[in-house]
Protein chains: 2
Amino acid sequence: MLRLSKLTDYAVVVMARLARDGALPEGQVQTAPGLAQATGIAEPTVAKVLKILGQAGLVEGVRGARGGYRLTRPLSAVPLSAVIVAIDGPIALTACVDGGQGGCEAQGICAVRGRWDPVNDAIRRALSGITLADLAGPSCCAVPTMLVAE
Amino acid sequence: MLRLSKLTDYAVVVMARLARDGALPEGQVQTAPGLAQATGIAEPTVAKVLKILGQAGLVEGVRGARGGYRLTRPLSAVPLSAVIVAIDGPIALTACVDGGQGGCEAQGICAVRGRWDPVNDAIRRALSGITLADLAGPSCCAVPTMLVAE
DNA sequence: TCAAATAGGACCATTTGGGTCCCCTTTGAA
DNA sequence: TTCAAAGGGGACCCAAATGGTCCTATTTGA
């Protein structure tokens, strides 16, 4: 189905939510449990996503009591591809592309060897042109209408 | 990694090979075992791929002795997206998009609801602009250099 | 009449990813 | 000084999707 992982989906939702108050560096932080409740995503999962995003530098974690997370950049400065790369790894449609180094066993025969690059580039270009601000939209900062029960 | 399935990869390879002789309708057919040997892909897998491609109308199967498969269109008339859709199903990055009908349980909260469509469109556009001829290239019709041992 | 080849579906095993939990470190507040 | 709240990092388990194989029926040329 050519889908991206749920984790990536969650990451987008969490970051969109994160932009609500503590929009930028030095802004107010939000805790993982709080984000979990606000988004309806299970708390351990939110924590996991935030850890990964932190390692990628997309969010900044503040440790200790009264700690939490904040964005390091405005949503408009975060291309969707950055989130995908952070969560899912490099964008490459096939396993036999660059870096694979001996993955495909039919190298001698494969007629399309080395020709996937234009495809990958096209995908990357499409995903780089869309920012999280495009996904969140102006209505992103509206107050949440409800919280999930359980 | 945002990858497509191996089956799709196989399909591209098989179709590229299929274009070698029996390029078009009324052309010479090639058998599944023959294609398997020519591509280095396991024979049952090749058969499976060809069946799916047949159902999608991308190849035409000829039954009976001396049967086989041939392309229904030249590679230049087959967008990559057609193969992906045939094997993997509709191209949609997230599960919560059109048709999902009640998939996401956090509908009341989700800030990015209904905003993935532009992304999906961008991907579809990128994949529709590339044909199998682009992937196979002029060198596609060169004789295979070797066959895999086992 | 037989053999070759497709058509279709059922089936199993493996892998990948989703999700959870644990312990450690940090740090503000009592 | 102590405690509690929160992030950091990793290990672990389970399940769903996928890859891959096989079996049977049907078709058709020799």
Side-chain angles (χ1 to χ4, degrees), chain A residues 1-11 13-14 18 22 28-37 39-70 72 84 86-89 94-95 103-106, chain B residues 1-11 13-14 18 22 28-37 39-70 72 84 86-89 92 94-95 103-106 150:
Chain A
M1 202 213 278
L2 187 65
R3 75 193 182 292
L4 40 79
S5 69
K6 284 189 179 181
L7 270 300
T8 304
D9 198 356
Y10 295 156
V13 173
V14 168
L18 207 44
Q28 200 65 20
V29 297
Q30 299 184 52
T31 68
L35 287 167
Q37 203 171 22
T39 57
I41 305 171
E43 194 258 317
T45 303
V46 172
K48 184 177 189 175
V49 167
L50 287 169
K51 289 174 201 171
I52 299 174
L53 292 176
Q55 291 175 336
L58 294 176
V59 302
E60 179 190 12
V62 177
R63 304 181 69 162
R66 295 297 178 106
Y69 291 94
R70 67 166 74 94
T72 56
I84 295 177
I87 305 285
D88 287 341
T94 58
C104 180
E105 66 282 355
Chain B
M1 203 214 278
L2 188 66
R3 73 192 185 291
L4 39 80
S5 69
K6 284 189 180 181
L7 270 301
T8 303
D9 198 357
Y10 295 157
V13 173
V14 168
L18 207 45
Q28 200 67 19
V29 297
Q30 299 184 52
T31 68
L35 287 166
Q37 203 170 23
T39 58
I41 305 171
E43 194 258 316
T45 302
V46 172
K48 183 177 191 175
V49 167
L50 286 169
K51 289 174 202 170
I52 299 174
L53 292 176
Q55 292 175 334
L58 293 176
V59 303
E60 179 190 13
V62 177
R63 303 181 69 161
R66 295 299 178 108
Y69 291 93
R70 67 166 74 95
T72 57
I84 295 176
I87 305 284
D88 286 343
T94 57
C104 181
E105 66 281 355
E150 53 179 330

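Worth knowing before you read on, the calculation uses all heavy atoms, side chains too, and leaves out hydrogens, waters and symmetry mates. The chains referred to below are lettered A, B, ... by the order of the sequence lines, with proteins before strands, and numbering in each begins at 1.
Rounded to whole Å, the distance from CZ on R70(A) to P on dA6(D) is 15 Å. In this structure, L53(A) atom CG and dG7(D) atom P are separated by 13 Å, rounded to whole Å. Between the C1' atom of dC22(C) and the CD atom of E43(A) lies a distance of 13 Å, rounded to the nearest Å.
With sequence neighbours excluded, the residues that form a side chain to side chain contact (heavy atoms under 4.5 Å, CB included) with A56(A) are L58(A), A86(A).
Atom OG1 of T45(B) and atom NZ of K6(B) lie 10.0 Å apart (nearest 0.5 Å). Expressed to the nearest 0.5 Å, how far CD of E43(A) lies from OG1 of T31(A) amounts to 8.5 Å. Going from atom CG of L7(B) over to atom CD1 of I87(B) covers 6.0 Å, rounded to the nearest 0.5 Å. The line from NZ of K48(B) to CD1 of I41(B) is 13.5 Å long, rounded to the nearest 0.5 Å. Note: L4(B) CG to I84(B) CD1 = 5.0 Å, rounded to the nearest 0.5 Å.
Between Y69(B) and V62(B), the closest side-chain pair of non-hydrogen atoms is not below 4.5 Å.
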Margin query: One pair to check against side-chain contact (heavy atoms from CB on, under 4.5 Å): L18(B) and Q30(B). What are the steps and the verdict?
Written below: CA-CA 7 Å; L18(B) 207 45; Q30(B) 299 184 52; 3.9 Å; yes

Next item on the list: Run the numbers on V46(B) and Y10(B) for side-chain contact (heavy atoms from CB on, under 4.5 Å), then give the verdict.
Entry: CA-CA 8 Å; V46(B) 172; Y10(B) 295 157; over 6 Å; no

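Note on L7(B): only backbone sugar-phosphate atoms sit closer than 4.0 angstrom, heavy atoms only; bases stay farther off. Looking at heavy-atom distances under 4.0 Å, A47(A) makes no contact with the nucleic acid at all. Here G54(A) lies out of heavy-atom contact (under 4.0 Å) with every strand.
Of the side-chain N and O atoms in Y10(A), one or more sit less than 4.0 angstrom from OP1 or OP2 of dG19(C). Note on T45(A): every side-chain N or O is 4.0 Å or more away from OP1 and OP2 of dG18(C). Considering only side-chain N and O atoms, T31(A) lies nowhere under 4.0 angstrom from the phosphate OP1 or OP2 of dA5(D).
In this structure, the nucleotide among dA17(D), dG17(C), dG20(D) sitting nearest to the side chain of R3(A) is dA17(D).
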Could you run down the sub-3.5 Å N/O contacts of the protein with nucleotides 8-14 of chain C?
residue	atom	partner	partner atom	Å
dG8(C)	N7	K51(B)	NZ	2.9
dG8(C)	O6	K51(B)	NZ	2.9

Please list, for nucleotides 28-30 of chain D, all pairs of protein and nucleotide N/O atoms separated by less than 3.5 Å.
residue	atom	partner	partner atom	Å
dT28(D)	O2	A65(B)	N	3.4

